[in-house]
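Take a look at the structure set out below.
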Amino acid sequence: MVEKEKKGKIPRQPMPEQNPKARARNFDEVPLGYSEEVAMLEATRCLQCKNPTCMAGCPVDIDIPAFIARIKEGEFASAIAKIKEKNVLPAVCGRVCPQEMQCEKTCVLAKKGEPVAIGRLERFSADWERAQGKVSTPKKEPSTGKRVAVVGSGPSGLTVAGDLILKGHDVTVFEAFQVPGGVLVYGIPEFRLPKAIVAAEVDYMKKLGVKFECDKVVGATVSVDELFEEGFDAVYIGVGAGLPIFMHIPGENLIGVYSANEYLTRSNLMKAYLFPEFDTPIIRGKDVVVFGAGNVAMDAARTAVRLGADRVRIIYRRSREEMPARIEEIHHAEQEDVEFILLAAPLNFIGDENGRLTGVRCQRMELGEPDESGRRRPVPVEGSEFEVACDTAVIAIGAGPNPLLTSATRDIRLSKRGYIIVDPETGKTIKKGVWAGGDIVTGQATVILAMGAGRKVANSIHKYLTLGW
Amino acid sequence: MFQIVYREEMAEGTVVLNEVMAPGIAAKAKPGQFVMIRANEEGERIPLTMAETNQEKGTITIIYQIVGKSTALFKTLKEGDSYLDIIGPLGRPTRIEKTGRVTCVGGGTGVAVIYPITKGYKEAGNEVTAIIGARTKDLLILEDKMRAASDNLRVCTDDGSYGHHGFVTDVLKEILEGEGTDLVVAIGPVAMMKFTCELTKQYKVKTVVSLNPIMVDGTGMCGCCRVTVGGRTRFACVDGPEFDGHEVDFNELTHRLQAYVNDERVSYKSFLKGSKC
Ligand SMILES: Cc1cc2nc3c(=O)[nH]c(=O)nc-3n(C[C@H](O)[C@H](O)[C@H](O)COP(=O)(O)OP(=O)(O)OC[C@H]3O[C@@H](n4cnc5c(N)ncnc54)[C@H](O)[C@@H]3O)c2cc1C
Ligand code: SF4
Ligand code: FES
C-alpha cells in the first residue's frame with residue numbers, strides 16, 4: 001500500500017503523544033514514539049538525495065539517508081548500527097536535539113515545509129534496539145595500556161569515554177553527583193527524557209569497559225594534577241556550565257525563589273516529585289512564575305504543572321520570536337496551559353513576614369535596537385509597573401561556568417567569563433595532557449554540540465596517546 | 001559504599017557519632033570542611049561538617065543531632081552498615097592563623113564542628129579559650145575532647161545543671177570585659193550565633209561563624225544555600241561555610257531554614273510510622 005503512493009505525497013507522520021490533560025498530572029514521557037509501520041512509512045518520504053543536504057546540518061555527520069533507507073526496508077538493526085557509527089547516544093539525541101535547527105532544517109523537503117522526521121526516526125531506531133533487549137557492542141581495539149580520566153559524565157564526557165574505550169584505552173569517568181549523565185539526569189525532566197534511557201546508555205558504556213567513579217568532585221576530592229600522579233595519561237574536562245545565574249534583584253532570597261538548577265535537580269535527580277516516597281522536598285507552588293524562555297524555562301514550567309500548580313506563567317523580556325526554546329517545547333508548554341507574559345521583566349520580589357514569596361513586581365518592555373546577539377534589545381517602558389502574585393518563582397535565564405574545578409587547576413586559561421579556553425581544532429588546553437569541551441568551553445549549548453566537541457577531543461587524545469602531544 | 005567502623009550515641013541518644021571509612025576524603029579534609037551524605041537511594045543529600053579525620057585509618061567522623069527523617073534514618077545504621085554516598089571534602093577550610101587570643105564558642109552539635117577548629121587554633125600557637133553550652137548537662141557533648149583541645153574550657157548549661165548557669169554569651173561577655181580576645185569563632189544554632197555576633201560587635205572583636213543553610217549539591221551548582229553577607233548573596237557551600245559573623249543576615253538564614261518545615265514533618269511522621277510496624 002505504501003509503495004503505491006507517490007513519493008512526497010505522504011504527509012510527515014505525526015508523533016503520537018500522551019494527551020495534554022492526562023500528561024499534565026504525570027511525569028511519563030510525552031511523545032510515545034513511532035510504531036514500526038509508521039517509521040517505515042515516514043522513511044519512504046526520504047528522497048535519498050545524491051547530495052544529502054540534511055547531513056550538512058548534523059554536527060556529528062550521521063549518514064542520514066543510509067539509516068533511513070534501512071528503516072524503509074525494515075532492517076532496523078542495521079539502521080541503528082549505521083547511526084551508532086557516528087552517534088553514541090541516539091536514544092537521547094532522537095529526543096532532545098533541536099532537529100528543526102539542524103538536519104531537518106537543511107533537508108530538501110524543508111523548503112516545502114515538511115522535512116523528513118529525521119529525529120523521530122533516529123529515536124525509533126534506538127528504541128527499537130533497546131526493546132530487543134540485546135544491544136550490540138562494537139569490536140574494541142587491543143589494549144594500549146594508556147589511561148584516560150574523563151571529568152564530568154554529561155554528553156560530552158560520555159562521548160569521549162565511548163570513543164576512547166573502543167580505541168583500546170582504559171577510561172575512568174569521574175562524576176560529582178551520585179549518578180552519571182550530567183544535565184541528562186539532573187536537568188532534563190523525566191517526561192522529556194526518561195532516566196531509564198540515560199541509565200541504559202551508561203550501562204552500555206560500562207559493558208564496553210568504561211569505569212565510573214561517582215561522588216568524586218574533581219578539584220575537591222582529587223585534583224587534576226593528582227589524577228596524573230595516579231597514573232592517568234590524559235585528562236578531559238567536561239564539567240558543563242553548572243553555575244546558576246540569578247537576577248540580583250531585591251527579594252531574590254525569599255523562600256519560594258529557585259534557580260532552575262535547584263528546582264530541576266530537586267525534581268529530577270533527587271526525585272522530589274515522588275516525595276514523600278523520596279526524602280527530598282520541593283515547594284509544590286499553586287501559582288508559579290518562570291523567568292526566561294529557553295528549554296530550561298520550558299522544563300521548569302512543565303515540571304511545575306506536573307507538581308500540581310493551578311497556574312504557571314512564563315515571564316520573558318523579549319517577544320515570542322526571540323524565545324530560544326525549541327518550538328516543540330513551547331508548543332508542549334502551551335498545550336499544558338502554561339501562559340506567557342511577554343515583553344516584561346521583574347523588578348523585585350515581594351514576600352510576607354515569614355520570608356515567603358507572595359509576588360513579583362514587573363515592568364513592561366519594548367524592543368529597541370538589536371544588541372550584540374543580533375536580537376532586538378528590550379528597553380523598559382516608563383510607568384508600566386505591574387504585580388504578579390506567585391508563591392514559587394524559578395529563574396531560568398541561563399547558567400555560567402562553575403569555578404570549583406577551574407579555580408583549583410593551575411595552568412589552564414580561562415576567558416573573562418570563566419570558560420576554559422581551548423584550541424578549537426583539538427580541544428587542547430594549554431596544560432599538557434589536558435583537554436576540555438562541551439558547555440564548560442562554549443557556555444550552555446546543546447547535547448549534540450557537546451557530543452561533537454567530545455568526538456573531536458577523543459580523536460585528539462587518541463593521537464596524543466599514540467603519537468604524542 | 002562508606003562503612004561505619006565505630007558508632008556512639010551521645011546526649012541521651014539525641015546525638016550520634018559515626019566514624020566512617022572514607023580514605024579519599026580523610027586524606028584531604030581540613031578543619032571547617034564538610035561532606036554531603038546520603039544513606040540510601042531515596043535519601044536526601046545532607047551537609048555535615050567533619051568533626052575529626054584520621055588519615056592513617058582512612059576515616060572521617062561525623063556527629064549529628066536527630067532532627068528529622070534523614071538523621072533518624074542515619075541513627076538506625078549500625079557499625080558495619082554503610083552510607084550510600086559521601087561527597088567531599090567541600091567548602092573552604094577554616095583560615096587558621098596565629099592571631100593571639102582566640103575564643104571558640106560552641107553550642108549544641110555546633111561543638112562537634114568547632115572541635116577541630118579549636119584544635120587547629122591551639123596547634124597554630126594561639127591561646128585558646130573554649131566555651132561550650134547545652135540546654136542541660138546530659139545534652140552536653142565532647143567536653144573532654146574540647147578540654148584537651150583548648151587551653152581553658154568554660155561550660156554552660158541553660159538550666160544550671162552543670163557549669164555556668166546561663167548562656168555561652170554570658171561567659172563570652174565576661175571574657176570580652178575582662179582579659180579580652182582577638183578573635184571569636186562561634187558555631188551553633190542560628191540564634192546563638194546571632195546573639196554572639198551582636199555582642200562581639202559592641203566590642204569590635206572579629207567573629208567568624210559557620211553557616212548551615214539547606215543544601216542540595218554542596219558544590220555551587222544550585223544556589224539553594226545562598227546567604228546574604230555584607231549585603232551580597234554568597235553560596236555557603238563554596239564561598240563558606242565560614243563567614244564574617246558581623247556581616248551575616250541571620251534573619252534571612254532563620255527564614256530560609258524553615259523552607260520545608262511542613263514537608264519535613266510529613267516525612268518524619270511517615271518514617272516513624274513505617275519503622276514502628
Ligand atoms: C534543563 C535543561 C534542558 C536542556 N534541554 C536541552 C535540549 O532539549 N536539547 C539540547 O540539545 N540541549 C539541552 N540542554 C543543554 C544540554 O543539556 C547541555 O548543553 C549539555 O548537557 C552539555 O553537556 P556537557 O557534557 O558539556 O555537560 P553536562 O551535561 O553539564 O555534564 C557535566 C557533568 O560534570 C559534572 N561535574 C561538574 N563539575 C565536576 C567536578 N568538579 N568533578 C566531577 N564532575 C563534575 C556535573 O555534575 C555533570 O554531571 C538543556 C540543559 C538544561 C539545563
Ligand atoms: S535531505 Fe531530506 S530527503 Fe534528502 S536525504 Fe536528507 S533526509 Fe532524505
Ligand atoms: S548547595 Fe547548591 S550551590 Fe550550595
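Per chain, numbering begins at 1; letters A, B, ... match sequence-line order. Being a predicted model, the structure only gives us computed values, none of them experimental.
- Side chains of Thr228(B) and Asn253(A): a donor on one and an acceptor on the other come within 3.5 Å.
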Glu44(B) and Arg266(A): salt bridge (charged side-chain N to carboxylate O under 4.0 Å, His left out), yes or no, with the steps? CA-CA 10 Å; Glu44(B) 258 183 299; Arg266(A) 281 182 180 273; 5.5 Å; no
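- Only the side chain of Glu226(A) comes within contact range of chain B, judged by heavy atoms closer than 4.5 Å.
- Contacts of Thr265(A) with chain B are made by side-chain atoms alone, with heavy-atom separations under 4.5 Å and no backbone atom involved.
- Counting heavy atoms from C-beta on, the side chains of Ile283(A) and Tyr260(B) come closer than 4.5 Å.
- Contact of Gln33(B) with chain A is not made at all, since no heavy-atom distance falls under 4.5 Å.
- Proximity of a side-chain donor or acceptor of Ser259(A) to a complementary backbone N or O of Cys222(B) within less than 3.5 Å is detected.
- Within the 4.5 angstrom heavy-atom criterion, only side-chain atoms of Ile214(B), from C-beta onward, approach chain A.
- For Phe2(B), the part lying under 4.5 angstrom from a heavy atom of chain A is the side chain only.
- For a residue to count as touching a neighbouring chain, one of its non-hydrogen atoms must lie under 4.5 Å from one of that chain's; by this rule Arg232(B) does not touch chain A.
- For Ile282(A), the part lying under 4.5 angstrom from a heavy atom of chain B is the backbone only.
- Using a 4.5 Å cut-off between heavy atoms, Val222(A) contacts chain B through its backbone alone, with no side-chain atom that close.
- Side-chain contact of Gln258(B) with Arg356(A): a donor-acceptor pair under 3.5 Å is absent, judged by distance alone.
- For Tyr263(A), no part lies near chain B; criterion is any non-hydrogen pair under 4.5 Å.
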